[in-house]
Structure formats: structure tokens, C-alpha cells
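Step one of this worksheet: look at the structure below.
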Amino acid sequence: MTLDAPSRPASAPPAAGPLAQTPRPGAGARWSLAEVEALFELPFADLLYRAQSAHRSQFDPNEVQMSELLSIKTGGCAEDCGYCSQSAHFETGLKATRLMDCEAVLERARAAKAGGAQRFCMGAAWREPKDRDMDALIEMVRAVKAEGLETCMTLGMLTDEQAGALAGAGLDYYNHNVDTSPAYYGKVITTRTLEDRLETLERVRAAGMKVCCGGIVGMGESRVDRAGMLHLLANMTPPPESVPINALMPTTGTPLGRSTPVPPFEFVRTIAVARILMPGSVVRLSAGRENMSDELQALCFLAGANSIFVGDRLLTTGNPAREADAALFAELGIRPMAG
Ligand code: SAM
Ligand code: DTB
Ligand code: SF4
């Protein structure tokens with residue numbers, strides 16, 4: 001994934017009026033970090049207007065995509081990501097498991113589909129898959145796809161061969177996050193570099209899969225770091241098709257277990273800036289909804305979020321009950337995104 005070639009310009013916001021002086025890159029230009037930071041500084045109403053305009057230029061604002069997650073291999077991970085319950089470096093009380101059987105995964109995929117999910121995302125607590133696991137992973141992709149679901153996996157770093165094998169099996173999306181800004185990255189993870197992650201993303205692209213790439217908010221980073229993370233994502237060529245914005249789920253025993261959440265309006269601003277920078281991408285209101293009010297989630301949808309995880313578990317932490325999501329969608333007139 002090259003970071004220095006020109007990216008697509010953002011959507012065309014109104015050319016005149018009070019927003020005429022607000023930041024946007026010129027035709028064919030990349031967003032500068034200063035422009036991204038300036039978006040964060042906009043008055044809230046102007047920011048949401050810009051985000052709504054971008055959102056409506058590319059999507060039906062009343063449609064939200066729904067994915068369901070399953071942890072197919074939990075805990076015991078060799079990496080030291082400071083936010084993660086599954087790292088073997090921290091005492092979180094989580095019990096490590098082996099890779100699930102294909103039949104058990106399939107059962108969960110069928111239930112996810114019956115519960116309204118359009119995409120099934122399988123996550124493994126690995127630094128990278130071992131070649132001996134590839135046959136089982138390929139079998140899972142084929143089986144889940146045969147149920148009529150879109151498929152996504154997040155397994156850590158991939159080689160060219162592994163990426164090619166997963167794409168060949170029909171894997172639609174690969175999730176691999178940058179997690180935070182280049183400047184803050186080293187404060188959160190020391191066992192692999194941001195460059196390692198970008199190389200895997202490059203391999204995923206080269207193999208023909210769609211990229212799901214985003215990060216986490218609320219790890220003690222500054223607004224400049226949040227801008228830096230979105231700047232990195234938006235200047236990928238092309239930007240990721242799917243951009244998960246996770247609110248940290250603090251886990252006792254991890255270095256970030258006592259982090260203070262970002263103020264709710266700052267979280268909404270982060271979603272809005274992501275939407276403006278990447279108007280053609282699906283922006284996912286990802287981890288953290290369990291700790292959000294309906295009103296905050298509604299503001300996130302207004303700011304341009306158009307994807308969520310459904311089902312009462314994420315990987316190891318909780319998520320709102322299906323009934324609560326159904327009630328919120330009914331209240332807001334939101335429909336599942338057409339597949
Ligand atoms: N092991 C693989 C990897 O890290 O690439 C895949 C699974 S990992 C759990 C996927 C992503 O989930 C992480 O990159 C991170 O952005 C997010 N994540 C993990 N723990 C989280 C937490 N406690 N709160 C919010 N997001 C989290
Ligand atoms: C992503 O960005 N968020 C999801 C998915 N990719 C794999 C994971 C969220 C994990 C939240 C913490 C947990 O449940 O362990
Ligand atoms: Fe391992 Fe992924 Fe957790 Fe990092 S985020 S410790 S790589 S499971």
C-alpha cells in the first residue's frame with residue numbers, strides 16, 4: 001500500500017456559504033495532516049453538515065451494514081498490543097483455546113445469518129497463521145460463503161502465499177488495523193511495527209481481497225493522534241473499503257485497562273472526520289457500543305457511521321443485545337444495508 005501517491009479527493013462539499021473556507025484537498029491532492037486536524041476543529045454543526053453531505057453523496061443514510069464476529073481461536077497471543085485481552089504478555093484471566101472446528105464455526109455462521117448479519121468475521125489471536133492451519137481456514141471460508149454470507153477474517157500478518165490462498169477460497173475482506181497514529185503506535189505495541197502491518201495490507205490488496213482497516217480511540221492518544229490515524233488511512237491508495245472505529249473496551253490486566261474514555265462528542269468528531277476523508281468507505285461503529293447510549297450511537301450514524309457488529313459478543317467482550325439494536329434501528333428508521 002503506497003502512502004505517497006495521490007489519493008482520490010474527498011466528496012464535493014458545498015462550494016459557497018459559511019463552509020467555503022473549511023479544509024478540503026484540491027483536485028487530485030492528498031489530505032495534509034494540517035487539513036485533517038482542521039476538520040477536527042470545526043464547529044460541531046459544520047462538521048456534521050460536511051459529514052452528512054459526504055455520506056449522502058455515496059450512501060443511503062438510512063442503511064447500516066451488519067457484521068457478526070466470532071473468535072475462532074482465543075487468547076495466548078504472542079503480540080503485546082496494550083489494549084488486548086488476548087495477549088499472553090498480560091494476566092487478564094482469559095482462557096486460551098485451540099482453533100475451532102469448521103462444523104462449530106458453521107453453526108455460528110448460520111445463527112448469525114438467521115439473526116440478520118450480512119457478513120461473518122472470524123478472528124484469531126495470532127501474530128500470524130501457521131501454514132499448518134491454512135487448510136482448516138480455507139475450509140471455513142468456503143463453508144461460510146456457501147451459506148450466502150460475506151466472509152471476513154482477521155488472523156494477524158500474512159505472507160503472499162497465505163493471502164493468495166485465502167483470496168482463492170473466496171475470502172471477501174481481510175481485517176488488519178493500523179490501530180493508532182504512526183507517532184503513538186510505539187506506545188501501544190512493541191512486538192510488530194506499523195510497517196509490518198502496512199506490508200500485510202499490501203499483500204491483502206495484491207491478492208484481490210477488500211481491505212478492512214481502522215483503529216482504536218480512547219487509548220490515551222491525543223486529538224492529533226486521532227487525526228494522524230485517519231490521515232494514514234485516508235491517504236492509502238485506495239482507502240480501505242471498510243474502516244472500523246473502535247472505542248477501547250478496557251480490559252483489567254492490560255496496560256490500557258484503566259484508560260479514560262474520550263469524551264462522547266470527540267468520538268462523534270472522529271467518526272465524522274473519517275466519513276469526510278473516506279466518503280466511499282463503509283465506516284464501522286465497531287467495539288464499544290455496549291458502553292454508549294442510544295443517543296450517542298444515533299449521533300455516530302448522523303456523523304456517517306454505516307456499519308455495526310451485531311450479536312451479544314465481539315471477540316472476548318460484550319456487545320448490545322440484538323433486541324436493543326432492533327429497537328434502536330426501528331426508532332431511527334434504519335434498515336439493513338442491501339447486500
Ligand atoms: N490478532 C489479529 C490482529 O491483531 O491483527 C486479529 C484480532 S485483533 C483482536 C483485531 C483488532 O481488534 C485489533 O487490531 C484492535 O484494533 C481491535 N481490538 C482488540 N482489542 C480491543 C479492545 N479491547 N477494544 C477495542 N478494540 C480492540
Ligand atoms: C475491529 O476493528 N474490531 C473488531 C474486529 N476488528 C476484529 C474486534 C473488536 C474487539 C473488541 C475486544 C474484544 O472483544 O476482545
Ligand atoms: Fe494478538 Fe491481535 Fe490481541 Fe494484538 S490485537 S494481542 S495481535 S489478538
Side-chain angles (χ1 to χ4, degrees), residues 11 13-14 19 39-40 42-69 111-121 149-150 152 212 214 216-218 230 241-249 261-314 317-339:
S11 65
L19 301 181
L39 286 173
F40 269 92
L42 285 175
F44 194 70
D46 290 347
L47 177 62
L48 259 67
Y49 180 64
R50 285 279 301 272
Q52 269 281 307
S53 305
H55 194 175
R56 286 168 183 269
S57 76
Q58 306 281 329
F59 291 102
D60 181 332
N62 303 310
E63 287 188 357
V64 168
Q65 188 275 340
M66 296 193 287
S67 296
E68 187 154 333
L69 266 173
K113 184 163 191 213
Q118 296 140 359
R119 189 178 310 156
F120 194 62
C121 305
L149 283 155
E150 286 185 316
C152 176
C212 173
I216 308 179
V217 171
L230 296 181
E241 282 80 7
S242 166
V243 179
I245 304 293
N246 297 278
L248 176 71
M249 296 291 280
V262 296
F265 289 130
E266 181 68 11
F267 189 82
V268 178
R269 281 182 182 275
T270 308
I271 298 271
V273 174
R275 169 51 66 216
I276 293 165
L277 298 179
M278 295 169 276
S281 303
V282 167
V283 175
R284 179 173 304 128
L285 176 55
S286 195
R289 288 197 305 117
E290 196 183 42
N291 301 328
M292 293 178 195
S293 67
D294 282 358
E295 291 82 356
L296 175 54
Q297 292 185 60
L299 270 179
C300 291
F301 295 134
L302 269 177
N306 60 349
S307 170
I308 58 169
F309 284 120
V310 291
D312 58 9
R313 297 297 289 165
L314 293 167
T317 63
N319 197 43
R322 273 179 221 285
E323 302 72 44
D325 284 341
L328 178 59
F329 276 25
E331 180 84 30
L332 301 177
I334 289 177
R335 305 178 296 272
M337 192 181 281

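All of these numbers come straight from a predicted model, not from anything done at the bench.
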Any side-chain to backbone donor/acceptor pair from [X] onto [Y]? Under 3.5 Å, distance only.
{"X": "Asn246", "Y": "Ala287", "result": "yes"}
{"X": "Asn306", "Y": "Val283", "result": "yes"}
{"X": "Arg56", "Y": "Phe59", "result": "no"}

Grab the two heavy atoms, one from [X] and one from [Y], that are nearest each other, plus how far apart they are.
{"X": "Met292", "Y": "Phe267", "answer": "CE-CE2, 3.6 Å"}
{"X": "Gly311", "Y": "Asn319", "answer": "O-ND2, 2.8 Å"}
{"X": "Val268", "Y": "Leu48", "answer": "CG1-CD1, 4.2 Å"}
{"X": "Ser307", "Y": "Val282", "answer": "CB-CG1, 3.3 Å"}
{"X": "Gln58", "Y": "Pro279", "answer": "CG-O, 3.2 Å"}
{"X": "Leu302", "Y": "Gln52", "answer": "O-NE2, 2.9 Å"}

Give, for atom [atom1] of [X] and atom [atom2] of [Y], the distance between the pair rounded to the nearest 0.5 Å.
{"X": "Leu314", "Y": "Glu68", "atom1": "CG", "atom2": "CD", "answer": "10.0 Å"}
{"X": "Gln65", "Y": "Ser242", "atom1": "CD", "atom2": "OG", "answer": "7.0 Å"}
{"X": "Glu241", "Y": "Cys212", "atom1": "CD", "atom2": "SG", "answer": "9.5 Å"}
{"X": "Leu69", "Y": "Arg119", "atom1": "CG", "atom2": "CZ", "answer": "11.0 Å"}
{"X": "Leu299", "Y": "Arg269", "atom1": "CG", "atom2": "CZ", "answer": "11.5 Å"}
{"X": "Arg289", "Y": "Asp325", "atom1": "CZ", "atom2": "CG", "answer": "4.0 Å"}

Stepwise side-chain contact (heavy atoms from CB on, under 4.5 Å) test for Arg335 and Asp60 = CA-CA 10 Å; Arg335 305 178 296 272; Asp60 181 332; 2.5 Å; yes

Note, [X] side chain near [Y] side chain (heavy atom, < 4.5 Å):
{"X": "Glu290", "Y": "Thr317", "answer": "no"}
{"X": "Tyr49", "Y": "Leu42", "answer": "no"}
{"X": "Leu277", "Y": "Leu39", "answer": "yes"}

Evaluation steps, side-chain contact (heavy atoms from CB on, under 4.5 Å), between Leu230 and Ile245 = CA-CA 10 Å; Leu230 296 181; Ile245 304 293; 4.0 Å; yes

Under the side-chain contact (heavy atoms from CB on, under 4.5 Å) criterion, do Glu266 and Phe40 qualify, and how do the steps go?
-> CA-CA 9 Å; Glu266 181 68 11; Phe40 269 92; 3.8 Å; yes

side-chain contact (heavy atoms from CB on, under 4.5 Å) between Leu332 and Asp294, worked out | CA-CA 10 Å; Leu332 301 177; Asp294 282 358; over 6 Å; no

Within a reach of under 6.0 Å around CZ of Phe44, are more than 12 heavy atoms found that belong to other residues, nucleotides or ligands?
->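 Atom CZ in Phe44 is crowded, with more than 12 foreign heavy atoms closer than 6.0 Å.
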
